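Working notes, beginning with the structure itself.
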There are 2 protein chains.
Amino acid sequence: MGMRRGTNLPRMGDFNQSVILEAIRQSGTGLSRTELVEATRLSAQTVTNITRRLLADGLIAEAGRTINGPGKPRVTLRMIAESRYSVGVHLDPAVMTFVLLDLTGAVVRRITTRTPVADPRRIVDAMAATIGSLIDASGVDRNLIAGVGVAAPGPLDAERGTVIDPPKLPGWHRVPLRAVLAEATGFEVTLEKDTTAAAVGELWTRHGPPDDSFVLIYLGTGIGAALARDGEVVRGSSRNLGEVGHIIVDPDGPACMCGYRGCVEVVCTPQAIVEQAEAAGVFPDDREVNDPEAVDTRFTQLCERAASGDVAAQRVLRQAAAHLAVLVAALTNMLDVDRVVLGGPFWSRLAPVYLQELPARLERLSATRAVHTLPVDGSVVGDDVGAVGAACVVLDSVLSPRTSDLLLET
Amino acid sequence: MGMRRGTNLPRMGDFNQSVILEAIRQSGTGLSRTELVEATRLSAQTVTNITRRLLADGLIAEAGRTINGPGKPRVTLRMIAESRYSVGVHLDPAVMTFVLLDLTGAVVRRITTRTPVADPRRIVDAMAATIGSLIDASGVDRNLIAGVGVAAPGPLDAERGTVIDPPKLPGWHRVPLRAVLAEATGFEVTLEKDTTAAAVGELWTRHGPPDDSFVLIYLGTGIGAALARDGEVVRGSSRNLGEVGHIIVDPDGPACMCGYRGCVEVVCTPQAIVEQAEAAGVFPDDREVNDPEAVDTRFTQLCERAASGDVAAQRVLRQAAAHLAVLVAALTNMLDVDRVVLGGPFWSRLAPVYLQELPARLERLSATRAVHTLPVDGSVVGDDVGAVGAACVVLDSVLSPRTSDLLLET
């Protein structure tokens, strides 16, 4: 029989240290000890003790004094951005994106390369080499790099650190990406679903309320979802939360290899939308494309045509938004979150039409419309959200408070 | 800008007290202080201090000594079942169920009554009167009753304590159930979705692992879901998590008033299944029923016929299981939980066919089948799970540790 674990003083200390560090980071311009007491509700003594430790560790610095009437001037404590770094990699079938972030989450350097075709070994070699170039070009001391985060399409085997069956990467099957890349680079490697990484990036970058709860819809080669609840990302039992590709959104849609019809996977993905546009005669030739790069190019053309007033292109995108609304409503009605975030590499191209179509459709389908509305926003991170998110996952494991960390180990 | 809150000693003390009380309750036969140290990982001094307080409050008692080799005998600490009680009410369109639970979660007394038709005022009056009879007949001191929990069909307005639009209770619209019932009974009233109450009841009754994570599918007049993560029920931002009635499970299904086709609501509910059985000629007459009581009766007949070998009846139920599998897979693929629990007032009748059909279908549709299997079980609480769960919600707020309670108030 299992028992809940309790908590104790050292656990409490670590947690409160993370809370303070996160408060300082989120403030941007820094906070005084008095402001930290107000923000965290911790005692002045606790704040003094913890900030002394953070100063000694070189993670924060005293950044100036503010005189505010009589009494002692307030000393502003600011995060030292250059005290730690992390690398984020986004493995996508067409493009690999690499970013180097400092401790504040700012992008110091960025590289993208074409994903080598097929052979996993070549992909991992290219990844390791590019990580090396990224760090060298930045001039950052390797010893200050906390680790490498890799965002990959799910599902993953988190325990073994393997990507199971990445779509459009047919050569991959249970490649032990985490171990191989750790060996090749000498860094600790964290493997995360691209969707989950995007949600971590969103939490890191948008300084929302501390109990921020959202579902993130990730628009990549596939469509996935992620969940944040009370300011923390929820990963699920096997870290595979968010596999929504076979939720049915169009009863009149095409057959899916799962045996059903009208799944997200065959209706809302870029490839499916490009096919719908081909069928609607949006493109001058009647060629049909399906390799990731060609789909990406046609997808851009489709969105450009819609923007320049092409009625057929607009109709295709509006219809895609209507189908995506069915998915989003299924998720928000099940999950009861505060808001919806859209992101991923295809998001910025879809944003003009989707932001116009989704909110009203979602409102109509919401089971809780009598109780609250559901704001719909684009991610603040942009198209690099996978790579930035993966780097944030590494910083997050260094910095962010998680209530579960309060519990004693079994 | 929002900040995460920290934690402090009093918060830690309350949390650890709940952890100890829950460990003693779950043990059933009681635990010694040494066993509590092992189970909770708390220090011996902390366990001694907290158990002293619980003994003084009359919630636990010393229940015997075990001599185990040389040294001091171990004193077993047991929960005093008669120290606190709670009342649970399940409001269903056809039947209202009332239970009185003791502090261990055992049902002391139970009453069911027919739900009066239409007028909400009469329903609340009948509810208050029956709660009175339930307590009187039990002989329990009213002062020992911690409160009344009411399980009702969602969505709810949790802030105002109102049921918004209960299906099949057409007279109801935003009835302030919590306030009216509190006034009529003199007890504190907690309003909870029936699905969420069922999940609380499941967690209370089945002593699973401390990080138990499951999705519960509630089979009532409507179909709903609930979620437990790491041993705690997840309620959602507006406490309305689990509205899954319009997830599409059958692209060939009938039209739904939401504008789509083949939603859970028109395919998997008892009324929908009875209609499918009527269309398949399972019943001798071609009458079509739709009031809750008649549907309930026909539903029982359908399940009995299937059990006694009627092929048409079996086919209808197997088909319903296949459609439910699509819902369950949508939820488990999104939520990534450890297991699936089925419950609610219609569950026990469906169990024989559903337990045979669901696991294999779910396995086939699972996005994580390469990583882990998904056990499917019936709730351990039985058909009264709504009422028992609602009473457990009240006990839960008295007893159970919640990591979020560790955080300082804003």
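Just so we're clear, the structure is a prediction, and the values are computed from it rather than from any experiment. In what follows, chains are A, B, ... by sequence order, proteins preceding strands, each numbered from 1.
Contacts of residues 242-251 of chain A with chain B at a heavy-atom distance below 4.5 Å involve A:Gly242, A:Glu243, A:Val244, A:Ile247, A:Ile248, A:Val249, A:Pro251, listed in sequence order.
Proximity to chain A is limited to the backbone of B:Arg239, based on heavy atoms less than 4.5 angstrom apart. In this structure, the portion of B:Leu331 lying under 4.5 Å from any heavy atom of chain A is its side chain and not its backbone. Of the two parts of A:Leu156, only the backbone, made up of N, CA, C and O, holds a non-hydrogen atom closer than 4.5 Å to a non-hydrogen atom of chain B.
By the salt bridge (Lys or Arg N to Asp or Glu O under 4.0 Å) test, A:Asp212 is found to be paired with A:Arg339, residues two or more places apart in sequence or in another chain being considered. Residues passing the side-chain contact (heavy atoms from CB on, under 4.5 Å) test with B:Arg229 are A:Val234, A:Leu241, B:Ser213, B:Leu227, B:Val234, B:Leu335, B:Val337, sequence neighbours excluded. By the side-chain contact (heavy atoms from CB on, under 4.5 Å) test, B:Thr51 is found to be paired with B:Ile20, B:Arg33, B:Leu36, B:Val47, B:Ile60, B:Leu77, residues two or more places apart in sequence or in another chain being considered.
Chain A forms more heavy-atom pairs under 4.5 Å with one residue of B:Asp157, B:Leu365, B:Val326, B:Thr46 than with any other, namely B:Val326. Among A:Ala330, A:Ala226, A:Gly253, A:Ser238, the residue making the largest number of heavy-atom pairs under 4.5 Å with chain B is A:Ser238. Among A:His372, A:Arg261, A:Arg160, A:Arg364, the residue with the largest count of heavy-atom pairs under 4.5 Å with chain B is A:Arg261. Ranking A:Gly259, A:Gly236, A:Ala370 against chain B, the residue ahead of the rest is A:Gly236, based on heavy-atom pairs under 4.5 Å.
Side-chain atoms of B:Asp336 come within 3.5 Å of backbone atoms of A:Asn240 as a donor-acceptor pair (strictly under, hydrogens ignored).
Inter-residue side-chain proximity for A:Val371 and B:Glu159 is flagged as unmet; no heavy-atom pair is nearer than 4.5 Å.
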